[in-house]
Amino acid sequence: MIERDHEPYGGFEDPLLDQSRYIYITVAITVLMALAHGTRRWADALADGSIMTSGDPDLLKQLPDWFH
């Protein structure tokens, strides 16, 4: 879960947000860490299928900025 002004966290409980605010990401943790550390580019990971996303296109466009 990534929320503005809060530390990211993971969990198994659904926070019950409006469904329009969800995005779905399928990625190996090693790829996600490389993206977060800036050693891998989002465009490259999307292009080679290392990361797959779905959900609101406007939120997905913001995804790379969430890891700065």
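Since the structure is predicted, the reported quantities are computational estimates derived from the model, not experimental observations. The basis for the numbers below is simple: all heavy atoms, side chains too, and nothing from hydrogens, waters or symmetry mates.
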Sequence neighbours excluded, every pair satisfying salt bridge (Lys or Arg N to Asp or Glu O under 4.0 Å) that has a member inside residues 32-41: R40-D48, R41-D44

Identify each donor-acceptor pair in which a side-chain atom of residues 54-61 lies under 3.5 Å from a protein atom, sequence neighbours left out, and give them as a table.
from, atom 1, to, atom 2, distance (Å)
D56, OD1, D58, N, 2.8
D56, OD1, L59, N, 2.9

Pairs in or reaching into residues 27-37: which pass salt bridge (Lys or Arg N to Asp or Glu O under 4.0 Å), with residues at least two apart or in two chains? none

Rounded to the nearest 0.5 angstrom, the CD1-CG distance for I51 and L32 is 6.5 Å

Any link between V31 and L63 through a network of hydrophobic side chains (Ile, Leu, Val, Met, Phe, Trp, Tyr) touching at under 4.5 Å? yes

Taking W66 as the starting point, is it possible to reach M33 by hopping between hydrophobic residues whose side chains are less than 4.5 Å apart? yes

Are any non-hydrogen side-chain atoms of T53 and Y24 less than 4.5 angstrom apart? no

Heavy-atom pair of closest approach, residues V27 and S50: CG2-O, 3.7 Å

